[in-house]
Engineer: 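Sending over a structure as structure tokens; questions will come in a sec.
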Amino acid sequence: MKSEVLILQQTAHETPGSLTEYLTAAGVRWRIVELFKESLGKPIDIASAAGLIVLGGPMNVDEVDRYPFLTQEVSWLQAAVAHQVPTLGICLGAQLLAKAFGARVFPNHVKEIGWYSVQLLPEAGTDPLLSDLPSMQTVFQWHGDTFDLPREAVLLAIGDTCRHQAFRIGSRAWAFQFHIEMTEPLIESWLQDLTHSCAQAAPPPQSAEQIRARVPSALKAMREFADPVLVRFARLCVEKASG
């Protein structure tokens, strides 16, 4: 099993969180590609990858002049779907997957920052990642943009303040607007930037104190959701690497 899961990291502070734990436990190799650095190291061969994970970032999908790698990511996502590479787009990664398949990405009417509930739709009942899970889930959010649903997509989860929360393209590519990868240290590191992130938010999102107060219970609830989802995704990556 020589192929590896490629993890595309947009900024230094938005790391893979718990994602690498699941990949390592499944026995699949992984590599972080730090797109924010000038030198990307080894060339990227999407067709032979065991999987593709696109992380979040503070930029908009259309800021290609400032972040030229965004254009390349759209092409990589299209190639991953074409080659049935297991793919997971998180937050900005979800928005890039939407853009890659013709959907509009635009500012949501409110910023979602903190703990929110999302509802899994009946279509999630037969989804390879989301089947047999309770319909209401607690997730961590940190975003200002949202997206229209691509024509080819199956909507899997919705929210009250941002409707499109999860979708699938084809049989092996998923978009999660929420951050399923969060750990307590990663949440705390992001909270250091909360004042700056919320400067233009209206109405104000949850405060750092409110977010911290819910970490023990909410993070536990989200990990109960994340465990089966990410275990299943890692298994798909193992299957692709072994195929």
Engineer: Knowing that exactly one of Ile169, Leu52, Val85, Leu8 qualifies, which makes a side-chain contact (heavy atoms from CB on, under 4.5 Å) with Leu77?
Structural biologist: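 By the side-chain contact (heavy atoms from CB on, under 4.5 Å) criterion, Leu77 pairs with just one of Ile169, Leu52, Val85, Leu8: Leu52.
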Engineer: To check you understand the geometry: which heavy-atom pair defines the closest contact between Ala50 and Pro86, and what is its length?
Structural biologist: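 What the structure gives for the nearest pair is O-CD, 3.4 Å.
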Engineer: Any heavy-atom pair between the side chains of Leu230 and Phe225 that's under 4.5 Å?
Structural biologist: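 Counting from C-beta outward, Phe225 and Leu230 never come under 4.5 Å.
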Engineer: Backbone N or O of Thr11 within a donor-acceptor pair of the Glu14 side chain at under 3.5 Å?
Structural biologist: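 Not a single qualifying donor-acceptor pair exists.
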Engineer: So, for Leu155 and Phe167, which heavy atoms are closest and what is the spacing to 0.1 Å?
Structural biologist: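 Closest approach of Leu155 to Phe167: CA-CB, 4.2 Å.
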Engineer: Using 0.5 Å steps for rounding, measure from the CG atom of Asp132 to the CG atom of Leu120.
Structural biologist: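 So the CG of Asp132 and the CG of Leu120 are separated by 11.0 Å.
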Engineer: Per the side-chain contact (heavy atoms from CB on, under 4.5 Å) rule, which among Leu97, Val229, Thr87, Asp127 passes with Trp174?
Structural biologist: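 The side-chain contact (heavy atoms from CB on, under 4.5 Å) with Trp174 is passed solely by Asp127 among Leu97, Val229, Thr87, Asp127.
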Engineer: Is His143 reaching over with its side chain to a backbone N or O of Cys91, donor-acceptor style, under 3.5 angstrom?
Structural biologist: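 No, His143 side chain to Cys91 backbone: no donor-acceptor pair under 3.5 Å.
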Engineer: What do the steps show when you test Gln141 against Val118 for side-chain contact (heavy atoms from CB on, under 4.5 Å), and what is the final call?
Structural biologist: CA-CA 10 Å; Gln141 304 273 16; Val118 298; 4.1 Å; yes
Engineer: Is any side-chain heavy atom of Pro185 closer than 4.5 Å to one of Glu188?
Structural biologist: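 SC-SC contact between Glu188 and Pro185 ruled out.
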Engineer: Between Leu19 and Val5, is there a side-chain heavy-atom distance shorter than 4.5 Å?
Structural biologist: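 When only atoms from C-beta onward are counted, Leu19 and Val5 do not touch, as no gap falls below 4.5 Å.
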Engineer: Out of curiosity, does Val110 fall in the hydrophobic cluster containing Tyr116 (side-chain heavy atoms, cut-off under 4.5 Å, transitive links)?
Structural biologist: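 No, Tyr116 does not connect to Val110 through the hydrophobic network.
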Engineer: How many angstroms lie between CG in Asp65 and CG in Leu70, if you round to the nearest 0.5 Å?
Structural biologist: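 Atom-to-atom, Asp65:CG and Leu70:CG are 10.5 Å apart.
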Engineer: Counting distance only, does the side-chain N/O of Gln206 pair as donor-acceptor with the main-chain N or O of Trp115 below 3.5 Å?
Structural biologist: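 Here the side-chain-to-backbone pair exists.
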Engineer: If you apply the rule side-chain contact (heavy atoms from CB on, under 4.5 Å), what do you find for Phe101 with Val81, and how did you get there?
Structural biologist: CA-CA 10 Å; Phe101 287 86; Val81 172; 3.6 Å; yes
Engineer: Arg232 side chain to Leu129 main-chain N or O, any donor-acceptor pair under 3.5 Å?
Structural biologist: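 Present.
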Engineer: Between Asn108 and Thr161 (side chain of the first, backbone of the second, donor and acceptor by atom type, cut-off under 3.5 Å), is there such a pair?
Structural biologist: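 Answer holds: yes.
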Engineer: Is any side-chain heavy atom of Thr15 closer than 4.5 Å to a side-chain heavy atom of Thr20?
Structural biologist: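 With C-beta onward as the side chain, the pair stays apart.
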Engineer: When rounded to the nearest 0.5 angstrom, what is the spacing between CZ in Phe147 and CG in Leu96?
Structural biologist: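 Taking CZ in Phe147 and CG in Leu96, the distance rounds to 11.0 Å.
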Engineer: Just do the side-chain contact (heavy atoms from CB on, under 4.5 Å) check on Thr146 and Phe106 with the steps written out, would you?
Structural biologist: CA-CA 6 Å; Thr146 186; Phe106 55 94; 3.4 Å; yes
Engineer: Check whether any side-chain N or O of Ser18 sits under 3.5 Å from a backbone N or O of Glu181 as a donor-acceptor pair, and report yes or no.
Structural biologist: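 Yes; at least one donor-acceptor contact below 3.5 Å.
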Engineer: Any non-hydrogen side-chain atom of Lys99 less than 4.5 Å from a side-chain atom of Asp62?
Structural biologist: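 They are in contact (side-chain heavy atoms under 4.5 Å apart), so the answer is yes.
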Engineer: Hey, quick one: are Val231 and Phe233 part of the same hydrophobic cluster, counting side-chain heavy atoms closer than 4.5 Å, chains of contacts allowed?
Structural biologist: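 Yes, it is one cluster - the side chains of Val231 and Phe233 are joined through contacts under 4.5 Å.
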Engineer: Might you point out which heavy atoms bring Ala47 and Lys240 nearest each other, and give the distance in Å?
Structural biologist: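 For Ala47 versus Lys240, the nearest heavy atoms are O-NZ, 3.4 Å.
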Engineer: Do you know the tightest heavy-atom contact between Gln84 and Ser171?
Structural biologist: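 In terms of heavy atoms, the two residues are closest at NE2-OG, 3.5 Å.
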Engineer: Using distance alone, with no hydrogens and no angle criterion, decide if Gln165 and Gln137 have a side-chain donor and acceptor under 3.5 Å apart.
Structural biologist: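 Short answer, no.
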Engineer: What are the two closest non-hydrogen atoms of Ala221 and Thr138, and how far apart are they?
Structural biologist: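 The pair with the smallest heavy-atom distance is CB-CB, 4.2 Å.
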Engineer: For the NE2 atom of His109 and the SG atom of Cys162, what is their distance to the nearest 0.5 Å?
Structural biologist: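 Here the interatomic distance stands at 8.0 Å.
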Engineer: Is the backbone of Ala12 close enough, under 3.5 Å, to the side chain of Gln9 for a donor and an acceptor to pair up by distance?
Structural biologist: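 Answer holds: yes.
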Engineer: Can you pull the salt bridge (charged side-chain N to carboxylate O under 4.0 Å, His left out) pairs that have at least one residue in residues 220-229, sequence neighbours excluded?
Structural biologist: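 Every salt bridge (charged side-chain N to carboxylate O under 4.0 Å, His left out) pair that includes a residue of residues 220-229, provided the two are not neighbours, is Glu21-Arg223, Lys220-Glu224.
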Engineer: Report the relative orientation of the aromatic rings in Phe140 and Trp190; use parallel for angles under 30°, tilted for 30 to 60°, perpendicular for over 60°.
Structural biologist: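 Answer is tilted, since the angle falls between 30° and 60°.
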Engineer: Checking Gln78 side chain against Ala100 main chain: does a donor-acceptor pair fall under 3.5 Å?
Structural biologist: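 Yes: the side chain of Gln78 pairs with the backbone of Ala100.
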Engineer: Decide yes or no for Leu92 and Val61: does some side-chain heavy atom of the first lie under 4.5 Å from some side-chain heavy atom of the second?
Structural biologist: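 With C-beta onward as the side chain, the pair touches.
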Engineer: May I ask you to decide if Gly170's main-chain N or O and Arg168's side chain share a donor-acceptor pair within less than 3.5 Å?
Structural biologist: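 Checking the backbone N and O of Gly170 against the side chain of Arg168, a donor-acceptor pair under 3.5 Å is found.
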Engineer: Where do Leu121 and Val154 land on the side-chain contact (heavy atoms from CB on, under 4.5 Å) test, with the steps shown first?
Structural biologist: CA-CA 10 Å; Leu121 297 175; Val154 176; over 6 Å; no
Engineer: If you round to the nearest 0.5 Å, how far is OG1 of Thr24 from CZ of Arg29?
Structural biologist: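 If we round to the nearest 0.5 Å, Arg29:CZ and Thr24:OG1 are 12.0 Å apart.
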Engineer: From Thr183 OG1 over to Leu219 CG, what is the distance, rounded to the nearest 0.5 angstrom?
Structural biologist: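 Here the interatomic distance stands at 7.5 Å.
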Engineer: Considering all heavy atoms of both residues, which atom of Leu186 and which atom of Gly17 are nearest to each other, and what is their separation?
Structural biologist: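 Where Leu186 meets Gly17 most closely, the heavy atoms are CD2-CA, 3.9 Å.
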Engineer: How about CG on Asp160, more than 12 heavy atoms from neighbouring residues, nucleotides or ligands closer than 6.0 Å, or not?
Structural biologist: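 Incorrect, the count does not exceed 12.
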Engineer: Would you say the side chains of Gln10 and Glu73 form a donor-acceptor pair under 3.5 Å?
Structural biologist: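 Short answer, yes.
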